[in-house]
Number of protein chains: 2
Amino acid sequence: MLRVDTIDHRIISCLVSNARSSYAEIGAAVGLSAPAVKRRVDRLLDTGVLQGFTAVVDPEALGWGTEAFVEVHCRGNVAPGEIKANLEPLPEVVAAYTVSGAADAIVHLRASDIHHLETALERLRSVEIIDRTVSTVVLSRLLERPPAPDQQA
Amino acid sequence: MLRVDTIDHRIISCLVSNARSSYAEIGAAVGLSAPAVKRRVDRLLDTGVLQGFTAVVDPEALGWGTEAFVEVHCRGNVAPGEIKANLEPLPEVVAAYTVSGAADAIVHLRASDIHHLETALERLRSVEIIDRTVSTVVLSRLLERPPAPDQQA
DNA sequence: ATTGAAATATTGCATAC
DNA sequence: GTATGCAATATTTCAAT
C-alpha cells in the first residue's frame, strides 16, 4: 500500500528542491510522462508520504528573527498527547518533541525579538503541566535543510 | 527594497499552506489578479523573503524515523562559519545553530534508525573542531509547523 | 487589470505488464 | 489489477497592452 520505489524517491527529491516544478519537468528528470508523474504524486499525497507543499520563508524578513530551544520538564508523568495539546495553542511554538534524558520535551520557539521571546517563555512556563524550563537562545542559524532523500543507513 | 505589506503577508501565508496553489487561487484569496500576484511572488523571491518552495515529506516513510538534538562543544574559540563548514558535509545534519549558554552549537540530526544515528554521532564527534557532544534522542515528534505569518510581538 | 498566445494540468482511453 | 503513454480538453502562466 505505501510502497515507495526509486522513481518515487526521485520525484520526491525534485519536489523537495522545488515544489513548484511542472510535472513535465519532473518527468524529464525521472524518465516518465507528465501524467504518470502526476498520478504518482497524487498517490504519494494520498498515502501521506508527501504531506504537502510549502514556501520557505526567511524568518528575519517576517519579523521572526529570534529563536530558542527550550527543555521542558513536566510535573509528574504526562502523556505525549497531553503535552502536544498544551503546546499547540502557543503560536511561537514551531516544533516540539518528547525526548530521552532528564527533560520531557524539547520545544523550538520563534519570536520577533528578545522581548517577544521572553513573553512566549512566560506563557510557556505558565502552562499547567509544565514544572520548569531551560532555555537556550539561538545566536545564529548555521544550517537548515530537508533530509537528503537518497540517504540510507 | 525589502518592504513586505499586508497583501504580501497573505500571499506568503497562502504559499506556506500550499506552495502549489495557482496565482489565480492566491489572487482570489487576497483580492488581486493572477498577474499581480505573480509579480509580487517574483519580487518576494528576488528580495529573498521567499527562499523557495519545498515538499513536506513524512520522514518515517522515507526511512528517517530517528532523530536527535546534539549540543556541540568546540575546542577553544571557533567562528560560526567554520562550524557551518564542518557540519555541511554531514548528510544527517538537517539543522544547526550557534547558541548562548555552555554549548557552542545545537545540531539537529536525522537518521534512519538508532544504528545509523550512532554512526552519524561518531562522524560528528570525529570532526576536528568538536571537543565533545551531548545527545538527546527524540522519542516522538509532537509538533512541527511553519511560523504563523501574521504574528507580531 | 485585461487580453491572448503558449505552457501546463488533468482526464479519458488504449495498451502493456 | 496496476502502471504507463498518448491525445484531447481545461486551466494556468506570462508577456503584451
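Labels below follow one simple rule: chain letters A, B, ... track the order of the sequence lines, proteins then strands, and each chain is numbered from 1.
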- Message: Do the side chains of Glu92(B) and Arg123(B) get close enough for a salt bridge, i.e. N-O under 4.0 angstrom?
- Response: yes
- Query: What integer distance in Å separates Ile26(B):CD1 from dA1(C):C1'?
  - Reply: 17 Å
- Message: Going by ring-ring contact (aromatic ring centres under 6.0 Å, His included), name the pairs with one or both residues in residues 78-101 of chain B, residues two or more places apart or in two chains.
- Response: Phe69(A)-Tyr97(B), His108(A)-Tyr97(B)
- Partners of Asp8(A) by side chain to side chain donor-acceptor pair (under 3.5 Å), sequence neighbours excluded? Arg40(A), Arg43(A)
- Item | Whether Ser100(A) side chain and Val137(B) backbone form a donor-acceptor pair below 3.5 Å | yes
- Between P of dA3(D) and CD1 of Ile7(A), the distance in whole Å: 11 Å
- Note on the structure: Contact string for nucleotides 10-17 of chain D, one letter per nucleotide 5' to 3', B = base within protein heavy-atom range under 4.0 Å, S = sugar-phosphate only, - = neither, reads --SSSB--
- Would the number of heavy atoms belonging to other residues, nucleotides or ligands and lying under 6.0 Å from CG of Asp5(A) be above 12? yes
- Task: Measure from CZ on Arg40(A) to C1' on dG5(D) and round the result to the nearest Å.
- Result: 13 Å
